[in-house]
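Start at 1 with the first residue, then count along the sequence.
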Amino acid sequence: MNSLWLVVTALAAFLVAYRFYGAFLAAKVAVLNDARVTPAHRLCDNVDYSPTRRLVLFGVHFAAIAGPGPLIGPVLAAQWGYFPGFCWIVIGACVAGGVHDFVILLASVRQDGLSLPKIARNLLGPLSGITTTLATLFIIIATLAGVGMVVVKALGESPWGLFTIIVTIPAALITGFWMNAIRPGRIAEASLIGVTLVLVGVVMGKPFAESAFGPYLKLSESTLSIVLPTYAAIASILPVWVLLCPRDYLSSYMKIGVIALIGVGLFAAQPALNMPATTPFIHGGGPVVGGTVWPFVCIVIMCGALSGFHALIASGTTPKMIDRESDIRPIGYGGMLLEGFVSVTALVAACALEPGDYFKINTDQARYPQMTRMMREKLPLERYEKMFVPKQFNEFEREICTEGEQLGGRTAGAVTLAVGMAKIFSSLPGMKHLIAYWYRFVVMFEALFILTLLETGTRVARFVFQDTVTQLMPQRLAERQPGWLKWLLNVSMSVLVCFLWGYLLYTGNIDRLWRMMGIANQLLAVIALAIGTTYLLQNAPKRVYALCTAIPLVFVVATVFTAGIESIQTWRHEASLLVEQLAHPGAAAAQLSDLGAKLFSVRLTYGIAIMMLALSGLIVVDALRRWGMMLWGPTARKAE
């Protein structure tokens, strides 16, 4: 099947949804009015609050929401075939994700740019405000561990890839100093320098990896699991203009440029979809994520269809920069639809690979022989050979990998996506010999997404921790913190946050961490949809318009709580098996230590999952209480 059918269908659906449903939300539900002064004007301080042109703010907002989720999630979901993921991306983005982003952005703009926890406090009360703060903290830590695993799997034992990423650090530093100290205001010059250095890193990575210095960057996955949170801690302590802002700036260029490049490449190459519509794993037992297609396709594909993380952005920087209320529709609803399109392209890239190559790359090496043996016994020979016998794998490994590097068992989706994209681009005229460079370019592109998220997410979690600690201080000290105390809080909270997600990263695996990240993300969406429904019940012209968020809320609650309970049961079973192994009398001391660490990690994982489910459930119950008071209580307002 030609992949353009999926691309064109998705584009048509997104355009129709934006034209009609987006217009309905703007005109009927929100009643956007440009005569209403936005907080960007009313509270303008040119620091946090600053009116920004629609096109510029769209780019800033999209760069903030478009993390690794819309790229990696569809690749992992390809284990169930292209059809389930495609349906969830298109339907979810149009009727759930876009509405979620639009309503939270609207609520924040109408309430002076307040954050999600503060909106919860205003609409539901102090209990939900505190609970939302705690849930947000747990969710951010789970998210950072999940995306960190993607980088570890992509860059492990890969000196070329790691060199390329390291080059982006001085590129960002030079860009930042050029714009702020060396040549203030010369943005075009700084941009040209930064982008050129990044591309030089991709090209020079191969000779560096083949040189005598290459082995120094051939780091194991366990070593990278320590280096990554250490880097994030340092980056989050530095002033934002030193590294974070320049990296965001370069990252936004890369995102927009690569998305355009992917679109052109798909239309030019028109790759065939080699993955079938559904696979034998729709009933469970998949090598990437072990659950059934529902609810886990909605958990694995999060940001591309519905993302709770977007609520933090839509109630963070973006509402403080909205110039006119009419900008809410293209930025909130339109931004989500564009992210859905990115997810469709990632799904196409993964499904353009031969199924046997996909599973060879994206299945843990320890599980691969068992998985293929089980499928050989279960399937007819012809279907087994089509689905699980690699076709081009050896050719890819020969053309892409440097000495000592391998493609097999590179789970977490980043390598699979890079190979798929490289295959599509190298099929264009004159590009065949550049497949290795296309592969490294895509890996760098993915890692740049993730490093930006790790730095930003660590800062956000640090702010949450600091706010909590400040509330526990004596009022006089909290209001007038000395410089040394602020510095101490910054450093200690950054180190604490990075230690928490770094420990989960070091002891986890992709199945466990991506599941937990997906559950965390969708639980945050549950919280945001509950708050959004409360806002619409209270402020929309007609109460029935609250169904725009209430219907997606019901579906997401059923999905995420089912996935959460099933995952907790799976992790508890895994913990019981580890306990049995620990009780084995013949185990060596080193083995016992390793098993004990794994047991603690598994128990910690399902402990965090239980806590997140409980906190989110509490907010939903509190929202139901509030809805009852508004609809049937003595102070219920009359429907207009």
Taking the six-membered ring of Phe388, is NZ or CZ of Arg376 closer than 6.0 Å to its centre and within 45° of its axis?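 Cation-pi check for Arg376 and Phe388: fails.
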Candidate pair Lys598 and Glu574, rule side-chain contact (heavy atoms from CB on, under 4.5 Å), full reasoning: CA-CA 10 Å; Lys598 287 182 179 178; Glu574 184 180 348; over 6 Å; no
Heavy-atom closest pair, residues [X] and [Y]:
| X | Y | result |
| --- | --- | --- |
| Ile400 | Arg440 | O-NH2, 2.9 Å |
| Ala145 | Leu504 | CB-CB, 3.8 Å |
| Val75 | Tyr358 | O-OH, 2.6 Å |
| Ala120 | Thr132 | CB-OG1, 3.6 Å |
| Glu397 | Leu407 | OE2-N, 2.9 Å |
| Gly408 | Gln365 | O-NE2, 3.6 Å |

Does a side-chain N-to-carboxylate-O contact under 4.0 Å join Arg625 and Asp622?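 A salt bridge links Arg625 with Asp622.
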Can you confirm whether [X] sits close enough to [Y] that some side-chain heavy atom of one is under 4.5 Å from a side-chain heavy atom of the other?
| X | Y | answer |
| --- | --- | --- |
| Met387 | Thr279 | yes |
| Asn274 | Leu353 | no |
| Trp80 | Thr278 | no |
| Leu306 | His100 | yes |
| Leu523 | Phe561 | yes |
| Pro276 | Pro355 | yes |
| Leu224 | Leu162 | yes |
| Met302 | Phe309 | no |

Atom CZ of residue position Phe281 - does it have more than 12 heavy atoms of other residues, nucleotides or ligands inside 6.0 Å?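 Buried by this count: over 12 neighbours within 6.0 Å.
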Between [atom1] on residue [X] and [atom2] on residue [Y], distance to nearest 0.5 Å:
| X | Y | atom1 | atom2 | answer |
| --- | --- | --- | --- | --- |
| Leu137 | Met612 | CG | CE | 11.0 Å |
| Cys303 | Met336 | SG | CE | 8.0 Å |
| Lys386 | Leu379 | NZ | CG | 13.0 Å |
| Asn362 | Leu417 | CG | CG | 10.5 Å |
| Leu124 | Thr534 | CG | OG1 | 4.5 Å |
| Thr131 | Ile619 | OG1 | CD1 | 5.5 Å |

Those residues that, when tested against Tyr82, pass ring-ring contact (aromatic ring centres under 6.0 Å, His included) (two or more places apart):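 For Tyr82, no residue satisfies ring-ring contact (aromatic ring centres under 6.0 Å, His included) once neighbours in sequence are set aside.
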Between Phe555 and Cys298, does the side-chain contact (heavy atoms from CB on, under 4.5 Å) criterion hold? Intermediate values first, please. CA-CA 10 Å; Phe555 176 79; Cys298 304; 4.1 Å; yes
Could you walk me through whether Arg515 and Ser567 pass side-chain hydrogen bond (donor to acceptor under 3.5 Å, both in side chains), step by step? CA-CA 8 Å; Arg515 272 203 208 198; Ser567 296; 3.2 Å; yes
Scan Leu219, Val227, Leu505 and name whichever one has a side chain to side chain contact (heavy atoms under 4.5 Å, CB included) with Val152.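 The single option meeting the side chain to side chain contact (heavy atoms under 4.5 Å, CB included) with Val152 is Leu505.
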Check for a donor-acceptor pair, side chain of [X] on one end and backbone N or O of [Y] on the other, with a separation under 3.5 Å.
| X | Y | value |
| --- | --- | --- |
| Trp571 | Thr605 | no |
| Asp357 | Phe393 | yes |
| Ser315 | Ser115 | no |
| Ser494 | Val491 | no |

Tyr606 vs Met611, side-chain contact (heavy atoms from CB on, under 4.5 Å): CA-CA, chis, key distance, verdict: CA-CA 8 Å; Tyr606 73 70; Met611 184 66 69; over 6 Å; no
Aromatic ring proximity, centroids under 6.0 angstrom, Phe600 and Tyr503: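 So the answer is yes for these two rings.
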Can you see whether Thr223 engages Ser220 through a side-chain donor-acceptor pair at a distance of less than 3.5 angstrom?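 Judged by distance alone, the side chains do pair up.
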Stepwise side-chain contact (heavy atoms from CB on, under 4.5 Å) check, Ile551 with Val95: CA-CA 9 Å; Ile551 292 174; Val95 303; over 6 Å; no
